[in-house]
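Structure record follows, encoded as structure tokens.
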Amino acid sequence: MTEALSEKLISLAQKYESADFLKKDPSQFMHRFSSVRECETVAFIAANLAFGRREQILAHVEAILSAAGPSPCEWILNQKYKDFFPENNVSFYRMYTNSDMRLFFDGLRYILEEKETIGDFFKEKWAEESGLFSNSSSARKTPEDGKKNYLHQVIASAFPARCALLPHSKDSAAKKVNMLLRWLVRDNSPVDLGLWKWFSKKDLLMPLDTHVMQQSNELGLINSKSANLKTAIELTKKVAGIFPDDPTKADFALFGLGIASQEAR
């Protein structure tokens with residue numbers, strides 16, 4: 001990577017990682033709440049609907065939160081979401097039906113019933129399934145097949161395999177879940193909350209949004225049209241050369257550049 005490209009990405013990341021970023025981004029919703037439990041829950045809802053046109057994403061998350069009221073956690077624990085999402089195959093958002101949404105909220109309810117926070121639940125799952133043997137999130141065993149475990153896979157596995165909102169394929173780039181992890185892990189940010197201090201931001205993977213993929217190819221960071229896990233790992237390694245302690249900071253640069261390019265057309 002050239003010095004000029006490195007400097008460009010650093011400059012763009014500084015430009016776009018600002019409070020203004022929240023205005024048109026689904027990450028805005030988690031900032032409405034003060035408790036860790038509520039912030040995490042809203043982040044899970046917003047991130048897992050974050051695909052397609054941004055205006056439609058925001059409208060559908062807003063509809064859910066309006067129905068949920070002041071405590072989305074209580075709304076979920078009291079199973080009020082079943083009134084909002086009847087058991088049928090009518091579309092709620094794009095290919096996600098009311099039944100898909102109900103199954104997703106069933107999964108969230110189970111997690112909230114098990115632990116005080118969603119982070120506590122997945123901290124324990126990460127330790128169990130990744131074989132942590134120290135306090136460092138990077139100190140993990142390699143499975144027998146030689147492939148590393150990733151936190152987005154552990155999160156997806158906590159939901160039923162038929163839950164369409166979560167990616168269950170081992171080869172998936174899991175864009176929505178890795179974006180969620182950026183929100184919950186990265187600290188010292190006007191956008192990301194940094195609630196999950198037990199996981200290192202060094203180990204986050206780049207979320208392969210359409211804009212990120214396009215800009216990464218145009219800038220020569222990758223040479224791939226496939227938004228899969230292999231590409232996410234490749235891109236993360238490349239941008240780690242610029243942001244070694246915080247590779248997903250590059251997400252702001254590439255996504256912001258993609259949006260700006262789209263609006264300039």
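Between Asp187 and Lys201 there is a salt bridge, with a side-chain nitrogen of the basic residue lying less than 4.0 Å from a carboxylate oxygen of the acidic one. The pair Glu17-Arg186 meets the salt-bridge criterion, with a side-chain N (NZ, NE, NH1 or NH2) lying under 4.0 Å from an Asp/Glu carboxylate O. Look at Lys123 and Glu116 and you find no salt bridge, because none of the NZ, NE, NH1 or NH2 atoms lies under 4.0 Å from a carboxylate O.
Using a 4.5 Å heavy-atom threshold, the side chains of Ile64 and Phe92 count as touching. At least one side-chain heavy atom of Tyr150 sits under 4.5 Å from a side-chain heavy atom of Ile233. Proximity of Leu5 to Leu221: side-chain heavy atoms (C-beta onward) are separated by under 4.5 Å at one or more points. Residues Arg54 and Ile259 form a side-chain contact, since some pair of their non-hydrogen atoms from C-beta on lies under 4.5 Å apart. Proximity of Ser216 to Leu254: side-chain heavy atoms (C-beta onward) are separated by under 4.5 Å at one or more points. By the 4.5 Å heavy-atom criterion applied to side chains, Asp192 and Phe252 are counted as neighbours. Side-chain contact check for Phe29 versus Glu62: some heavy-atom pair is nearer than 4.5 Å. Between Val212 and Phe255, the closest side-chain pair of non-hydrogen atoms falls below 4.5 Å.
The aromatic rings of Phe44 and Phe122 lie parallel to each other, their planes meeting at an angle below 30°, with 60° marking the opposite boundary. The aromatic rings of Trp126 and Phe199 sit perpendicular to each other, their planes meeting at more than 60°, with 30° as the lower class boundary.
Counting only distance, with no hydrogens or angles, the side chain of His60 and the backbone of Ala50 share no donor-acceptor pair below 3.5 Å. In this structure, the side chain of His152 does not engage the main chain of Ala173 through any donor-acceptor pair within 3.5 Å. Looking at Ser261, its side chain does come within 3.5 Å of a backbone N or O of Leu257 through a donor-acceptor pair. Although no hydrogens or angles enter the test, the distance criterion places a donor-acceptor pair under 3.5 Å between the side chain of Glu38 and the main chain of Cys73. Of the possible polar contacts, one joining the Asn217 side chain to the Ser224 backbone as a donor-acceptor pair under 3.5 Å is found. Remark: side-chain polar atoms of Glu234 are not paired, donor with acceptor, to backbone N or O of Ile222 under 3.5 angstrom. At distances below 3.5 Å, at least one donor-acceptor pair connects side-chain atoms of Lys176 with backbone N or O atoms of Leu165. A donor-acceptor pair under 3.5 Å is formed between the side chain of Thr117 and the backbone N or O of Asp120.
The distance from atom CG of Leu235 to atom OG1 of Thr231, rounded to the nearest 0.5 Å, is 8.5 Å. Separation of atoms SG (Cys39) and CZ (Arg32) is listed at 12.0 Å; rounding is to 0.5 Å. Rounded to the nearest 0.5 Å, atoms CG (Asn228) and NZ (Lys175) are 16.0 Å apart. Within the model, atoms CG of Leu229 and CG of Asp171 stand 7.0 Å from one another, a figure rounded to the nearest 0.5 Å. Rounded to the nearest 0.5 Å, atoms OG1 (Thr41) and CD1 (Ile111) are 9.0 Å apart. Atom CG in Asp251 sits 11.0 Å away from atom NE2 in His211 (nearest 0.5 Å).
Nearest heavy atom pair, residue Pro86 against residue Asn98, reads O-CB, 3.1 Å. The nearest pair of heavy atoms linking Pro72 to Phe33 is CD-CE2, 3.5 Å. Residue Met30 comes nearest to Ala43 through the heavy atom pair SD-CB, 3.9 Å, listed as atom of the first residue, atom of the second, then distance. When all heavy atoms of Pro190 and Leu22 are compared, the closest pair comes out as O-CD1, 3.6 Å. Closest of all the heavy-atom pairs between Ser18 and Val191 is O-CG2, 3.5 Å. Closest approach of Glu129 and Ser157 over heavy atoms only: OE1-OG, 3.7 Å.
In this structure, Met95 is a member of the same hydrophobic cluster as Ile45, with clusters built from ILVMFWY side-chain heavy atoms closer than 4.5 Å.
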For residues 99-107, which side-chain N or O atoms pair as donor and acceptor with protein atoms under 3.5 Å away, sequence neighbours left out?
residue : atom : partner : partner atom : Å
Ser99   : OG   : Glu87   : OE2          : 2.5
Ser99   : OG   : Asn88   : N            : 3.0
Ser99   : OG   : Asn88   : O            : 2.7
Asp100  : OD2  : Thr97   : N            : 3.0
Asp100  : OD2  : Thr97   : OG1          : 3.2
Arg102  : NE   : Phe85   : O            : 3.0
Arg102  : NH2  : Lys82   : O            : 3.1
Arg102  : NH2  : Phe85   : O            : 3.1
Asp106  : OD1  : Tyr81   : OH           : 2.5

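More than 12 heavy atoms of other residues, nucleotides or ligands shown are found within 6.0 angstrom of CD on Glu113. The number of heavy atoms from other shown groups lying within 6.0 Å of CG (Asp83) is above 12.
For the 3.5 Å distance criterion, the side chains of Ser200 and Asp203 fail to qualify, holding no donor opposite an acceptor. Between the side chains of Ser27 and Asp25, at least one donor N or O sits under 3.5 Å from an acceptor N or O.
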- Task: Kindly indicate, with the supporting measurements, whether the criterion side-chain contact (heavy atoms from CB on, under 4.5 Å) is fulfilled by Leu108 and Ile118.
- Result: CA-CA 9 Å; Leu108 277 181; Ile118 296 175; 4.3 Å; yes

_Leu205 vs Leu181, side-chain contact (heavy atoms from CB on, under 4.5 Å): CA-CA, chis, key distance, verdict_ = CA-CA 9 Å; Leu205 286 175; Leu181 287 171; over 6 Å; no

Worked verdict on Phe51 versus Thr210 for side-chain contact (heavy atoms from CB on, under 4.5 Å): CA-CA 9 Å; Phe51 70 105; Thr210 301; over 6 Å; no

Item to complete: Please test Met179 against Asp209 for side-chain contact (heavy atoms from CB on, under 4.5 Å), starting from the C-alpha separation and ending with a verdict.
Response: CA-CA 9 Å; Met179 182 182 67; Asp209 173 88; over 6 Å; no

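For Tyr16, the ring-ring contact (aromatic ring centres under 6.0 Å, His included) criterion is met by no residue, not counting sequence neighbours.
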